[in-house]
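One structure is given here, and the rest of the page talks about it.
Being a predicted model, the structure only gives us computed values, none of them experimental. Chain identifiers are assigned alphabetically (A, B, ...) following the order of the sequence lines, protein sequences preceding nucleic acid strands; residue numbering begins at 1 within each chain.
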Amino acid sequence: MKNTHKLAIAGAAIALTMASTTVLAAARDYVSVVGSSTVYPFATVVAERFGKSTGNATPKVESTGSGGGMKLFCSGVGTIHPDVTNSSRRMKASEYKLCQDNGVTDVIEVLIGYDGIVVANSKAREPMQLTRKDLFLALAVQVPGADGKLIANPYKTWKDVNPALPNTKIEVLGPPPTSGTRDAFSELAMEGGAKKFADLAALHGSKDAGEIKMLMAKLDIPESVFNKKGKTVFKAVAHAIREDGHYIEAGENDNLIVQKLEANPNALGIFGFSFLDQNSDKVQGSIVEGVEPEFDTIANKSYPISRPLYFYVKKAHIGVVPGIEGYLAEFSSEKAWGEEGYLADKGMIPMPTELRKQYATSIKSQQLMTEPK
Amino acid sequence: MTDLKNGSVKQANLNLSRTEIIERSLAKRYRAEKRFRCYGIMAIVFGLMCVALLFTDIISKGYKAFAQTYIQLEVTYDANILGITDLNDPQQVALGDFQGIVKQALKNRFEGVSGRKAKRELYGVISNGAGYRLRDRLVANHQLLNQSETLWLVADDDIDTYYKSMGSDAGPFVGRMSEQRQGWIEQLTEADEVELRFNRNFFVQGDSREPELAGIRGAAMGSLFTLIITILLSFPIGVAAAVYLEEFAPRNRWTDLIEVNINNLAAVPSIIFGLLGLAIFINFFHVPRSVPLVGGLVLTLMTLPTIIISSRAAIKAVPPSIREAAIGVGASPMQVVLHHVLPLAMPGMMTGAIIGMAQALGETAPLLMIGMVAFIVDVPGGFTDPSTVLPVQIFLWADSPERAFMEKTSAAIMVLLAFLIVMNTLAVILRKKMERRW
């Protein structure tokens with residue numbers, strides 16, 4: 001007999017599930033935020049403060065990565081889709097188009113601050129004095145050889161790369177290609193280093209297919225790399241990171257990289273500035289182009305490897321989902337993203353005052369973004 | 001030559017008596033026996049060592065999270081600083097600068113702190129959660145306005161980590177602490193105005209980005225709601241499937257196919273169930289993301305094979321004589337199952353279900369896809385509130401930059417392990433107490 005009861009309960013549960021589902025899809029009383037794992041630590045603080053101080057439901061923040069967040073954000077208008085997506089880079093043209101195609105036509109773009117990427121090592125050793133060129137030569141799959149043609153990266157130790165550097169094996173722990181940190185590192189450090197070579201710099205600047213083909217021949221790049229009028233040739237060279245054991249993909253967990261650096265003092269690690277800030281007793285940032293990674297040097301952009309952080313808001317949801325305006329107001333208040341705000345305490349590098357003002361007004365007036373190039 | 005030699009050995013052996021041969025090989029066989037047992041013991045010792053290592057590592061890292069540094073301060077609920085004239089106006093109370101009165105209290109305690117930077121450091125000594133506590137106290141007791149009281153307030157996580165590491169061999173963890181701050185803590189320690197207390201926040205609060213305010217309750221409730229959905233759906237469905245397959249289904253190619261597939265499903269990586277859940281429940285049925293309802297549905301898919309397999313084993317273990325006797329006194333097949341087979345198989349099926357639930361409790365991979373890996377502060381109050389679960393909370397804390405989250409991570413692992421041990425013990429007890437042997 002007992003079991004017939006159980007079956008009845010199960011039936012009721014299924015019925016209840018279906019019933020509540022249809023009701024729920026209609027309304028949501030909390031803000032849903034998705035996107036970059038780099039912005040996640042900052043967005044969560046704002047969400048928590050907003051929830052606690054106003055008594056509104058605390059926004060839900062998911063860490064899906066910049067690309068994953070854009071995909072979710074651009075999948076449509078309606079409460080089953082997120083309201084805000086965070087990103088550690090600007091929205092790409094392809095993503096903007098996806099948004100438009102799915103009816104997400106009105107998007108507000110907000111720059112919130114900067115994040116520095118550090119190349120750190122254990123405190124048991126001297127800090128490294130690196131340039132972006134050193135990083136490119138140490139980590140690229142192919143580097144220019146003696147005759148100017150690209151050859152497979154022959155360098156084994158830092159001394160091979162630059163005689164001023166110590167005679168230790170090149171061992172760099174860094175994020176995998178899916179990570180926003182890796183994208184930014186490729187763009188800022190690797191591209192920056194590649195541009196120090198005249199031919200590669202010409203390749204980067206050139207828009208003429210004939211000239212690109214000529215440079216490719218000079219650099220000994222196979223014809224097959226050429227596509228989309230040659231726009232991607234430079235990236236194919238500069239963004240390719242070697243896979244012969246000198247660059248070790250350490251996963252998305254930056255705490256893990258810090259632990260590994262402690263265990264292996266000869267290795268270098270690539271991660272966000274906030275982790276360096278919190279682990280300053282164990283690791284130190286390398287000096288890049290003569291500049292130490294510090295709060296001030298990243299803010300005034302003299303430290304070369306730093307990137308902007310953004311979030312994007314769906315205008316169609318403002319007024320439909322309660323709390324979006326409040327969340328945006330909290331984010332853009334001086335006590336949050338100001339020079340002495342709590343986001344700065346968490347390791348985010350604030351923007352200059354004029355930019356803060358400009359974006360605060362664009363939030364208030366709900367100014368829409370235009371198509372990115 | 002060799003043949004000849006072997007032949008002569010055989011000859012010699014034949015000359016020995018049977019007992020002599022046995023005695024000769026006896027020592028060797030004893031040794032082999034001993035070695036064989038030794039391998040077994042070594043395997044067990046290795047396993048136990050790994051468990052011991054895991055437990056000591058986690059406990060040594062995590063036990064400190066159950067205590068929290070508190071600082072004693074005399075706070076004045078100054079209406080001017082708060083900006084409150086009427087306590088019955090919720091708008092005014094919500095906007096009140098409660099952190100301001102904490103700042104004032106700190107300024108009174110440490111006189112002569114000047115300069116923007118030093119002041120900021122001073123204000124950072126007390127957690128920013130303190131203001132919310134003062135607000136709640138004032139709302140509960142309106143008489144406190146413009147009065148003073150001496151309270152123990154939660155210290156900031158930097159202070160907490162520093163204070164806890166003060167007695168350690170490696171010296172205190174300085175991290176981001178300036179010398180001035182260290183001086184203040186020294187002053188407070190001498191005056192007995194700082195102490196470690198039981199960390200109640202850890203058990204009653206939801207997640208927070210401030211380690212000193214972060215708690216496990218939100219994740220624990222999320223796990224509870226998710227598991228309720230899972231057990232409500234998977235146990236009846238699993239048992240019904242097992243009963244049909246064992247008692248009623250004809251033996252043919254189709255049932256064989258079903259059986260093979262159930263066994264295969266039990267071995268499918270759990271992330272696949274997450275993808276399935278995303279496609280079916282979220283994209284097709286539009287169940288909201290990140291809620292225990294969808295988590296429970298996905299975990300149901302995952303635990304069903306486990307429950308079906310263990311339930312079938314339990315039903316199989318009921319001797320056929322019981323069924324035959326029941327049929328002999330005129331019971332219908334349904335009565336045989338409901339009155340005799342199921343009650344006898346129930347302990348075995350429940351054991352299977354509990355083990356399946358324990359598995360579901362520790363699962364993160366399928367929840368990644370359905371948005372349950374998220375930062376959620378509010379403790380969920382039902383099946384459709386956004387929530388995370390315990391293992392996801394551990395993952396999120398392990399990934400946080402703040403140093404104080406390290407001990408929180410280990411403490412959360414201890415809580416999860418405690419739940420798992422309780423569930424597995426329950427399964428063992430059920431088996432021991434209720435199972436009948438024939």
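When heavy atoms are compared at a cutoff of 4.5 Å, B:Thr388 does not approach chain A at all. Contacts between A:Asp29 and chain B at a heavy-atom distance below 4.5 Å are absent for every atom of the residue. If you measure heavy-atom distances from A:Ala43 to chain B, you find no contacts under 4.5 Å at all. For a residue to count as touching a neighbouring chain, one of its non-hydrogen atoms must lie under 4.5 Å from one of that chain's; by this rule B:Arg289 touches chain A with backbone and side chain alike. With a threshold of 4.5 angstrom between heavy atoms, A:Ser53 approaches chain B through its backbone and through its side chain. Residue contact with chain B, scored on non-hydrogen atoms closer than 4.5 Å, involves the side chain of A:Leu72 exclusively. Contacts of A:Tyr342 with chain B are absent, with no heavy-atom separation under 4.5 Å from either backbone or side chain. Contacts between A:Pro82 and chain B at a heavy-atom distance below 4.5 Å are absent for every atom of the residue.
Expressed to the nearest 0.5 Å, how far CZ of A:Phe275 lies from CZ of B:Arg403 amounts to 12.0 Å. For the atom pair CD (A:Glu62) and CD1 (B:Ile370), the distance works out to 10.0 Å, reported to the nearest 0.5 Å. In this structure, A:Lys60 NZ and B:Met372 CE are separated by 10.0 Å, a value rounded to the nearest 0.5 Å. Rounding to the nearest 0.5 angstrom, the gap separating the CG atom in B:Asp378 from the CD atom in A:Glu48 is 10.0 Å. Put simply, OG1 on A:Thr64 and CG on B:Leu368 are 11.0 Å apart, with the number rounded to the nearest 0.5 Å. Between the CZ atom in A:Arg49 and the CZ atom in B:Arg209 there is a gap of 11.0 Å [rounded to 0.5 Å].
Considering all non-hydrogen atoms of both residues, B:Pro401 and A:Ser274 come closest at CB-O, 4.3 Å.
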task: Report the C-alpha separation of A:Tyr40 and B:Leu396 in whole Å, then their side-chain angles, then the decisive distance to 0.1 Å, and conclude whether the side-chain contact (heavy atoms from CB on, under 4.5 Å) test is met.
output: CA-CA 11 Å; A:Tyr40 172 86; B:Leu396 288 174; 3.6 Å; yes

field: Chi angles and distances behind the side-chain contact (heavy atoms from CB on, under 4.5 Å) call for B:Leu213, A:Lys52
entry: CA-CA 12 Å; B:Leu213 301 177; A:Lys52 279 193 178 155; 3.9 Å; yes

message: Between B:Gln99 and A:Lys335, does the side-chain contact (heavy atoms from CB on, under 4.5 Å) criterion hold? Intermediate values first, please.
response: CA-CA 13 Å; B:Gln99 207 58 36; A:Lys335 69 174 177 192; over 6 Å; no

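By the neighbour-count criterion of 12 heavy atoms within 6.0 Å, atom NZ of A:Lys71 is sparsely surrounded, having that number or fewer from other residues, nucleotides or ligands.
A:Asn255 places a side-chain N or O within donor-acceptor distance of the main-chain N or O of B:Ala398, the cut-off being under 3.5 Å.
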